[in-house]
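Taking it in order: structure first as structure tokens, then the write-up.
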Number of protein chains: 2
Amino acid sequence: MNTKPKSQYNERSACESCGVRQLCLPVSLDGEALSLMDDLVKRRAPMKKGDYLFRTGDKFKSLYAIQYGSMKSYGLTVGGKEQVTGFHLTGEVLGMDAIDEDEHHCNAVALEKTEVCELPFTALETLQNEVPSLQRDLNKIMSREIRRDQHMLLMLGSTTVEQRMARFLLNLYERLQKRGASDNTLNLSMTRQDIGNYLGVAFETVSRQLAHMQDKGILEIKNRNIHLLDIETLGAIAG
Amino acid sequence: MNTKPKSQYNERSACESCGVRQLCLPVSLDGEALSLMDDLVKRRAPMKKGDYLFRTGDKFKSLYAIQYGSMKSYGLTVGGKEQVTGFHLTGEVLGMDAIDEDEHHCNAVALEKTEVCELPFTALETLQNEVPSLQRDLNKIMSREIRRDQHMLLMLGSTTVEQRMARFLLNLYERLQKRGASDNTLNLSMTRQDIGNYLGVAFETVSRQLAHMQDKGILEIKNRNIHLLDIETLGAIAG
DNA sequence: CGGGGGGTTGATACATGTCAAGCGATGTGG
DNA sequence: CCACATCGCTTGACATGTATCAACCCCCCG
């Protein structure tokens, strides 16, 4: 049904709503280039909680930009245990780890109802040749991902669990702020288990740390909603 | 003295010896492109232990490829404490975190006598336009860096220190193997303190863990030389 | 309504951080 | 070239934080 040229316009809307403009920011594309870009963006059927976007070993085809929802990525240790490597929020790009060896090196699974835009990579590379500014943008997006990961490393390097927890929460907070969140509430889509796995602590410890922070008046817990009350103190704990 | 065109040939040699061919691998450049590439690579004076390659806030100008030696990169927490984010060995590329916002976000300091090649980034981007394969290579290099960092995250996510230690050692081992190391000896250029900081444990614990592994016959410690005796067991501990 | 997964909380053992002392290697200045 | 100072490393003792096991509750979903 979507074979008519007009359908491209649908995709274009899709693209814009999925935030390609935001994602690629600072996107320096002019109208024409943007249109070319829009043409290559594919929509994907919405995923429900637990659906996989890709798995370890899958052939690399596309980058994915999260339109709404959230995902987690994880690898398996040699022992076969799950090891969470990251959480991905609306507006962020996944799959860049796969460019090098042409296959994915982690599993990406939706934590809630989630929709992504697909950016076929060969098309992206071709377009890169025609539009130098796109090449710059892609470099920047990848650079940002590198910085994000290194920031995480910095986060996890702390000795005390309280610090890691504080840094984790602040990190989520900042990422949401960047996306235009107005209030101080984090709607965690991941389980305590995921958080603990990610931070390298037992999930009971996550629970206790949160409770402790609540006691100190730093935040308020309502199931998976964390309302941050005292961001300054949280920052002080983070170090 | 080096103003004659011939001097470019020196630089070319420099480039090759610094491993641009290796670094950019799979480098698909043909002779002409490689020559262009060589032209843009700059040599840098050797650094001695403690010299800085760049610091947080420095304007981003170049990527750097380590010709020989090793470096560590670290950031500062809000509290002003050092937080090691990575160790970089011969043949690896630094500085990619800075592309996005045009300034460096960490400090890079030599851990021993070290020499790097400088790859001025604007020149690299220009050349990228002329040589599409270079663009692919750069994408791949950045992708590899992303994967490296995510692998580290996976490493640090474990609860037991023994595991982290094992993963750390194996990681170094693998990186050296890739660079053609033949024996199983790690010549650590970083202090126990750096390792502890990086792994999020007290440096005394690093010391004890190593001693413990030595007791079990997994490795042999001679100051900063770690001779791996039983890599299988080490892998089993790593999980 | 029942079941199950996720979350909290408590008790206990153990691992790790911290403080402290001493050792060894390295480099510097006399 | 040696002596000394310094830094890095190891090892011990102790207190504390965290993992682990277990019981229970809550909420969501079927």
Side-chain angles (χ1 to χ4, degrees), chain A residues 48-50 70 72 79 81-84 87 109 111-113 156-166 168-169 186-216 219-227 237 239, chain B residues 48-51 70 72 81-84 87 109 111-113 156-166 168-169 186-216 219-227 237 239:
Chain A
K48 62 181 189 302
K49 181 175 163 183
S70 56
K72 80 169 173 185
K81 273 193 283 191
E82 194 174 313
Q83 186 74 254
V84 177
F87 301 109
V109 60
L111 291 169
E112 58 190 320
K113 191 179 163 197
L156 296 185
S158 72
T159 332
T160 77
V161 174
E162 191 183 27
Q163 261 188 5
R164 282 190 229 175
M165 197 67 218
F168 171 72
L169 292 173
L186 309 176
N187 289 306
L188 303 182
S189 56
M190 70 291 285
T191 66
R192 303 282 194 269
Q193 195 134 189
D194 285 334
I195 298 173
N197 185 309
Y198 179 60
L199 296 180
V201 298
F203 69 92
E204 294 97 326
T205 304
V206 172
S207 195
R208 273 187 259 263
Q209 285 291 342
L210 285 173
H212 188 225
M213 286 178 173
Q214 183 171 231
D215 290 347
K216 292 210 280 182
L219 47 77
E220 207 171 7
I221 309 169
K222 265 190 206 147
N223 302 319
R224 291 197 180 174
N225 287 13
I226 309 281
H227 189 68
I237 294 172
Chain B
K48 62 179 189 303
K49 182 175 163 184
D51 285 351
S70 56
K72 79 169 174 186
K81 275 193 283 192
E82 194 174 314
Q83 186 74 254
V84 178
F87 302 108
V109 60
L111 291 170
E112 58 190 322
K113 191 179 165 199
L156 296 184
S158 73
T159 33
T160 79
V161 174
E162 192 184 26
Q163 259 187 8
R164 281 189 230 176
M165 199 65 219
F168 171 73
L169 292 173
L186 309 177
N187 289 305
L188 302 183
S189 55
M190 70 291 286
T191 66
R192 304 282 194 267
Q193 193 131 195
D194 285 334
I195 298 172
N197 184 310
Y198 179 60
L199 296 180
V201 299
F203 71 92
E204 295 96 328
T205 304
V206 172
S207 196
R208 271 187 260 263
Q209 286 292 342
L210 285 174
H212 187 227
M213 285 178 173
Q214 182 171 232
D215 290 346
K216 292 210 280 184
L219 46 79
E220 207 171 10
I221 309 170
K222 264 191 208 150
N223 302 320
R224 291 197 181 173
N225 286 14
I226 309 282
H227 188 68
I237 293 172

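Letters A, B, ... mirror the listed sequences (proteins, then strands); counts begin at 1. What you see is a predicted model; the values in this text were computed from it and never measured.
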Measure from the side-chain heavy atoms of A:V161 and tell me the nearest of C:dG7, D:dC9, D:dT18.
D:dT18
List for me each residue that meets salt bridge (Lys or Arg N to Asp or Glu O under 4.0 Å) alongside A:K48, sequence neighbours excluded, and say none if there are none.
A:D51
Verify, without hydrogens or angle tests, whether B:Q214 (side chain) and B:I221 (backbone) share a donor-acceptor contact under 3.5 angstrom.
yes
Just how far, in rounded Å, is C1' of C:dG10 from NE2 of A:H212?
16 Å
Where at least one partner belongs to residues 200-213 of chain B, residue pairs that pass salt bridge (Lys or Arg N to Asp or Glu O under 4.0 Å), sequence neighbours excluded
none
A:S189: which residues meet the side-chain hydrogen bond (donor to acceptor under 3.5 Å, both in side chains) condition with it, sequence neighbours left out?
A:S70
Sequence neighbours left out, what passes side chain to side chain contact (heavy atoms under 4.5 Å, CB included) with A:E162? Give chain and number order.
A:T160, A:Q209, A:H212, A:M213, A:K216, A:I237
Rounded off to whole Å, could you give me the CE-to-C1' distance for the A:M165 and D:dT18 pair?
15 Å
Atom-pair distance (CD on B:Q193; P on D:dT6), nearest Å
18 Å
Angle, rounded to 10°, between the helical axes spanning five pairs at each terminus of the helix from C:dC1-D:dG30 to C:dG30-D:dC1?
50°
By side-chain hydrogen bond (donor to acceptor under 3.5 Å, both in side chains) - contacts of B:N223 (at least two apart)
none
What protein N or O atoms touch nucleotides 10-14 of chain D N or O atoms at under 3.5 angstrom, if any, and at what distances?
| residue | atom | partner | partner atom | Å |
| --- | --- | --- | --- | --- |
| D:dT10 | OP1 | B:R192 | NH2 | 3.2 |
| D:dT10 | OP2 | B:R192 | NE | 2.9 |
| D:dT10 | OP2 | B:S207 | OG | 2.5 |
| D:dT10 | O5' | B:S207 | OG | 3.0 |
| D:dG12 | N7 | B:R208 | NH1 | 3.0 |
| D:dG12 | O6 | B:R208 | NH2 | 3.4 |

Kindly write out the residues that satisfy side chain to side chain contact (heavy atoms under 4.5 Å, CB included) with B:V109, not counting sequence neighbours, or none if the list is empty.
B:Y52, B:K72, B:Y74
Tell me the interatomic distance from B:L111, atom CG, to C:dT26, atom P, rounded to whole angstroms.
17 Å
Please give, in whole Å, the distance from C:dG7 P to A:I226 CD1?
10 Å
Side-chain contact test, heavy atoms from C-beta onward, threshold under 4.5 Å: evaluate it for B:I195 versus B:L188 and give yes or no.
yes
What's the CZ-P distance between B:R224 and C:dA25, to the nearest Å?
13 Å
Residues that B:K49 engages under salt bridge (Lys or Arg N to Asp or Glu O under 4.0 Å), provided they are two or more places apart:
none
Tell me what A:Q209 touches on the nucleic acid: a base, only sugar-phosphate, or nothing, going by heavy atoms under 4.0 Å.
sugar-phosphate
Quick one: B:R164 CZ to D:dT18 P, roughly how many Å, whole number?
12 Å
Rounded to the nearest Å, what distance is computed from the CG atom of residue A:D194 to the P atom of nucleotide C:dG7?
9 Å
